[in-house]
Amino acid sequence: VVLLDKPLGLSSNAALQKVRRAYRAIKGGHTGTLDPLATGLLPLCLGEATKFSQMLLDADKAYVARVRLGETTTTGDAEGEILVRSELRPTETDVDAVLPRFLGEIDQVPPMYSALKRDGKPLYEYARQGVELERAARRVSILSLARGPLDGQEFNLSVSCSKGTYIRTLAEDIGAALGCGAHIKALRRTRIGPFRVEDAVCLDVLEQ
């Protein structure tokens with residue numbers, strides 16, 4: 001099992017192929033996709049360790065997201081086009097008032113820009129064609145939420161959550177609760193189960 005600190009701009013699969021080549025591994029798999037925009041902990045299971053991947057897929061995860069208030073985008077993150085801008089400027093008190101609503105078990109509607117499959121095709125392929133499909137809400141658990149200082153319209157949000165949680169959707173739902181909309185500018189995964197990003201290796205170091 002290789003604990004990779006995935007760099008910005010690289011898909012999880014591209015990162016896996018680079019590591020597989022470095023180790024000359026015949027088979028390999030990653031445990032929980034990180035978007036190209038996201039960085040951080042991506043455990044990669046090579047060879048016989050692929051049998052271990054389900055345990056990591058099912059594990060709780062932790063993230064730090066940079067949330068921007070007042071703007072919604074087509075993708076829920078900074079890669080998308082801005083849909084709506086709001087003149088509302090929530091305060092730290094306003095944010096603190098809504099965050100407890102999202103603790104514990106909540107229902108989330110998965111985003112169209114996700115790797116979930118419908119009829120064998122990922123949802124993001126439909127989204128890129130301008131097709132919006134109905135998605136059933138899924139029950140996820142938010143174990144903890146901690147807000148950093150509000151700097152203008154942005155703040156860091158530390159999230160510990162169950163598998164299957166979409167942080168983009170969480171940020172959008174918090175923005176909706178505040179009445180101003182929101183998206184994430186950056187996302188970093190810091191933990192999966194017992195593994196932490198502090199113990200992960202960068203791709204450059206690994207390839208060297």
Side-chain angles (χ1 to χ4, degrees), residues 6 8-9 32-41 60-116 118 122-128 130-191:
K6 188 189 85 64
L8 186 70
T33 306
L34 275 178
D35 293 336
L37 180 83
T39 66
L41 184 60
D60 292 340
K61 298 170 175 66
Y63 300 85
V64 176
R66 184 71 175 170
V67 179
R68 181 167 179 82
L69 299 174
E71 293 173 353
T72 59
T73 73
T74 50
T75 57
D77 61 25
E79 287 192 318
E81 296 172 14
I82 293 173
L83 286 172
V84 180
R85 279 194 173 95
S86 170
E87 296 303 312
L88 275 177
R89 294 290 178 266
T91 63
E92 289 186 340
T93 306
D94 296 329
V95 176
D96 291 343
V98 303
L99 286 183
R101 295 186 208 171
F102 298 94
L103 278 170
E105 290 200 344
I106 62 169
D107 287 324
Q108 269 196 346
V109 176
M112 274 302 294
Y113 280 89
S114 69
L116 285 178
R118 181 77 60 87
L123 288 181
Y124 63 76
E125 287 192 14
Y126 292 102
R128 284 170 185 163
V131 178
E132 177 95 11
L133 298 175
E134 198 168 318
R135 287 99 62 208
R138 304 194 308 181
R139 179 59 58 102
V140 297
S141 290
I142 307 297
L143 308 172
S144 68
L145 282 175
R147 172 190 60 76
L150 184 59
D151 178 14
Q153 292 174 257
E154 297 179 7
F155 64 95
N156 284 347
L157 184 66
S158 298
V159 185
S160 179
C161 57
S162 67
K163 69 166 186 174
T165 303
Y166 285 94
I167 308 300
R168 280 177 293 154
T169 302
L170 177 65
E172 287 180 316
D173 291 346
I174 290 169
L178 288 164
C180 65
H183 69 275
I184 60 169
K185 278 189 72 178
L187 182 65
R188 183 160 176 79
R189 186 156 61 196
T190 56
R191 181 180 60 79

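- In plain terms, the two heavy atoms of Met112 and Val131 that are nearest each other are CE-O, 3.1 Å.
- Using a 4.5 Å cut-off on side-chain heavy atoms (C-beta onward), Ile174 and Arg147 make no contact.
- No side-chain donor from either of Asp96 and Thr93 sits under 3.5 Å from a side-chain acceptor of the other.
- Of the charged side-chain nitrogens involved, none lies within less than 4.0 Å of a carboxylate oxygen, so that Asp60 and Arg191 do not count as a salt-bridged pair.
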Problem - Criterion side-chain contact (heavy atoms from CB on, under 4.5 Å) on Thr72 and Ile82, from CA distance to verdict - result: CA-CA 6 Å; Thr72 59; Ile82 293 173; 6.0 Å; no
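- Side chains of Val159 and Thr165 form no contact here, defined as non-hydrogen atoms less than 4.5 Å apart.
- Looking at heavy atoms from C-beta onward, Leu116 lies in side-chain contact with Tyr166 at the 4.5 angstrom threshold.
- The shortest side-chain heavy-atom distance between Pro111 and Tyr124 does not fall under the 4.5 Å cut-off.
- Looking only at side-chain heavy atoms (C-beta outward), Asp77 and His183 stay at 4.5 Å or farther from each other.
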Handout entry: From CA spacing to verdict: side-chain contact (heavy atoms from CB on, under 4.5 Å), Val67, Arg168
Key = CA-CA 9 Å; Val67 179; Arg168 280 177 293 154; over 6 Å; no
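- Electrostatic pairing of Glu125 and Arg128 does not count as a salt bridge here, judged by no charged N lying under 4.0 Å from a carboxylate O.
- Contact check for Lys6 versus Arg189: no side-chain heavy atoms found under the 4.5 Å cut-off.
- Between Asp35 and Tyr113, the closest side-chain pair of non-hydrogen atoms is not below 4.5 Å.
- In terms of modelled atom types and a separation under 3.5 Å, the side chain of Arg89 and the main chain of Ser86 share a donor-acceptor contact.
- Side-chain contact between Glu154 and Leu69 is absent, with no heavy atoms from C-beta onward closer than 4.5 Å.
- Phe155 and Pro149 get closest at one heavy-atom pair: CB-O, 3.5 Å.
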